[in-house]
Amino acid sequence: MDWDGLRYVLAVGSAGTLAGAARTLGVNHTTVLRRLAAFEDDAGLRLFERLPSGYVPTEAGEALLAAAREIDATVTGLERRLAGQDLRLSGTVCVTTTDTLMASLLPAMLASFRAAHPGITVEVAVSNLMLNLTRRDADVAIRPADDPPPTLVGRRIATVGFAVYASRAYLEQATVPARRWQAHAWLAPDDSLAGTATGRWIRETLPDAAIAARADSLLALRDLAMAGLGVAALPRYLGDLSAGLVRIGTPDIPPTALWILTHPDLRRTARVRAVTDFMAQAFARQRTLLEGKTAR
């Protein structure tokens with residue numbers, strides 16, 4: 001049986017006309033007519049009645065179309081599974097990450113990646129939530145996580161250190177010395193970030209802290225600190241790279257692991273592997289900053 005010809009039979013059966021089948025297949029209608037006629041001749045069957053209203057399947061045609069649809073569903077499912085073994089260094093990769101990484105290290109890394117792999121387009125989804133990689137909401141996740149989902153695979157690329165920061169303007173007008181950072185007005189994560197390292201630390205270590213403002217984003221807390229509203233505990237990679245902030249303390253906030261994750265079905269896809277390998281190396285070069293071992 002001409003399996004490629006079966007695609008033409010299925011297209012005619014689905015569209016009901018040669019023109020409709022041609023649009024579906026991206027060919028002209030004479031090609032569809034020729035391939036359909038050849039298939040019928042080879043099979044020794046008349047598959048469609050040619051009526052003024054269009055092509056209507058015969059009894060044999062109905063039986064063949066039912067089988068063709070099952071074959072098509074099987075092939076489509078196989079193509080989805082094989083997508084994880086795509087060896088082409090081209091196409092689109094969706095990366096989900098945090099706002100803090102996009103406000104600090106990632107833009108330069110993505111620019112370098114683009115120069116190295118111009119055939120790959122990166123779509124960035126900035127979210128403080130772990131998007132569902134199983135549903136392909138994203139292909140790669142680059143984010144801190146104490147316990148990444150067991151359905152994902154990847155590597156732990158560094159730990160994230162924290163420090164307390166304030167603006168120079170705030171410190172100049174503050175009545176409390178900088179070294180007594182616990183007694184300052186605090187900028188704290190809101191309830192949506194209660195489970196994060198900084199959220200837990202403030203709740204457990206500074207239960208009586210004077211809270212000047214809360215926010216659902218560490219990037220927002222950074223901006224509030226830069227505006228002089230108070231002090232904030234931030235990842236070192238964000239605070240140390242913010243020119244308007246001064247590091248005034250190193251609290252005992254447990255470091256958080258930074259991961260690059262993907263779905264097992266995608267880890268052999270060349271473009272996904274290119275992203276994960278490149279980013280792992282790029283972040284490894286920034287490990288001193290990430291882990292808070294810089295002198296600044």
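Considering every non-hydrogen atom in both A188 and L221, the closest pair reads O-CD2, 3.6 Å. Residues A274 and L89 approach most closely at CB-CD2, 3.7 Å, considering heavy atoms. The two residues P144 and L258 make their nearest non-hydrogen contact at N-CD1, 3.6 Å. Closest of all the heavy-atom pairs between D99 and S217 is OD2-OG, 2.5 Å. Shown here for G61 and P57, the closest heavy-atom pair between the two residues is C-CB, 4.2 Å. Shortest non-hydrogen contact noted between H184 and A174 is CE1-CB, 3.7 Å.
Residue pairs that meet the side-chain hydrogen bond (donor to acceptor under 3.5 Å, both in side chains) test with at least one member in residues 221-232, sequence neighbours left out, are R222-S242. Within the structure, ring pair (Phe, Tyr, Trp, His ring centres under 6.0 Å) contacts touching residues 94-120 (residues at least two apart or in different chains) are F113-H117, F113-F278. Residue pairs meeting the side-chain hydrogen bond (donor to acceptor under 3.5 Å, both in side chains) criterion with at least one partner in residues 59-71, sequence neighbours excluded, are absent. Residue pairs meeting the ring pair (Phe, Tyr, Trp, His ring centres under 6.0 Å) criterion with at least one partner in residues 210-238, sequence neighbours excluded, are absent.
Residues forming a ring pair (Phe, Tyr, Trp, His ring centres under 6.0 Å) with F162 (at least two apart in sequence, or on another chain): none. For R46, there are no side-chain hydrogen bond (donor to acceptor under 3.5 Å, both in side chains) partners two or more places apart in sequence or in a different chain. With sequence neighbours excluded, the residues satisfying side-chain hydrogen bond (donor to acceptor under 3.5 Å, both in side chains) with S192 are D190. Taking the salt bridge (Lys or Arg N to Asp or Glu O under 4.0 Å) definition, one finds that E291 meets it with K293, sequence neighbours left out. Partners of E40 according to the side-chain hydrogen bond (donor to acceptor under 3.5 Å, both in side chains) rule, which considers only residues two or more places apart in sequence or in another chain, are R50. Scored by the side-chain hydrogen bond (donor to acceptor under 3.5 Å, both in side chains) test, W201 finds T205, D252 as partners (sequence neighbours excluded). Take A225 and apply the side chain to side chain contact (heavy atoms under 4.5 Å, CB included) test, not counting sequence neighbours, and it matches L187, A232, L245.
R273 pairs with exactly one of T276, T269, D277 by the side chain to side chain donor-acceptor pair (under 3.5 Å) rule, that one being D277.
When the side chains of ILVMFWY residues are joined at heavy-atom separations under 4.5 Å, either directly or via intervening members, V93 and V153 end up in two distinct hydrophobic clusters.
For the pair L110/M102, a side-chain contact is recorded, criterion being any heavy-atom separation below 4.5 Å from C-beta on. Between L65 and F48 there is a side-chain heavy-atom pair separated by less than 4.5 Å. In this structure, the side chains of V124 and V122 come closer than 4.5 Å at one or more pairs of heavy atoms. Taking 4.5 Å as the limit, every side-chain heavy atom of V272 sits out of range of all side-chain heavy atoms of R267. Between Y165 and M226 the shortest side-chain heavy-atom distance does not fall below 4.5 Å. Two residues are said to be in side-chain contact when any heavy atoms from C-beta on lie closer than 4.5 Å; I248 and W181 meet this criterion. Contact of the I142 side chain with the T96 side chain is not registered, since no non-hydrogen atoms from C-beta on lie closer than 4.5 Å. Within the 4.5 Å cutoff, side-chain heavy atoms of W186 are placed close to those of V164.
Heavy atoms from other residues, nucleotides or ligands lying under 6.0 Å from CZ of R200 number more than 12. Within 6.0 Å of CG in D191 there are 12 or fewer heavy atoms belonging to other residues, nucleotides or ligands.
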Side chain to side chain contact (heavy atoms under 4.5 Å, CB included), that's the test. Do I71 and L6 meet it? Break it down for me. CA-CA 10 Å; I71 293 170; L6 195 59; 3.9 Å; yes
Pair R287, T159 - check side chain to side chain contact (heavy atoms under 4.5 Å, CB included), show working. CA-CA 8 Å; R287 187 167 292 150; T159 55; over 6 Å; no
Should R271 and D139 be marked as a salt bridge (Lys or Arg N to Asp or Glu O under 4.0 Å) after you check the CA-CA gap, both sets of side-chain angles, and the distance that decides it? CA-CA 10 Å; R271 60 183 179 274; D139 301 311; 5.9 Å; no
V27/V32 under side chain to side chain contact (heavy atoms under 4.5 Å, CB included): CA gap, chis, key distance, verdict: CA-CA 7 Å; V27 299; V32 177; 3.7 Å; yes
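Between L206 atom CG and I211 atom CD1 the span is 8.0 Å, to the nearest 0.5 Å. With values rounded to the nearest 0.5 angstrom, R236 atom CZ is found 11.5 Å from I253 atom CD1. The line from CG of L36 to CZ of R34 is 11.5 Å long, rounded to the nearest 0.5 Å. Distance check: L229 CG to S167 OG gives 9.5 Å after rounding to the nearest 0.5 Å. Interatomic distance, OG1 of T256 versus CG of L290, reported as 11.5 Å (0.5 Å rounding). Note: L193 CG to I202 CD1 = 10.0 Å, rounded to the nearest 0.5 Å.
Between the side chain of R143 and the backbone N or O of I260, no donor-acceptor pair lies under 3.5 Å.
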For residues 9-21, which side-chain N or O atoms pair as donor and acceptor with protein atoms under 3.5 Å away, sequence neighbours left out?
| residue | atom | partner | partner atom | Å |
| --- | --- | --- | --- | --- |
| S14 | OG | L10 | O | 2.9 |
| T17 | OG1 | G20 | N | 2.9 |

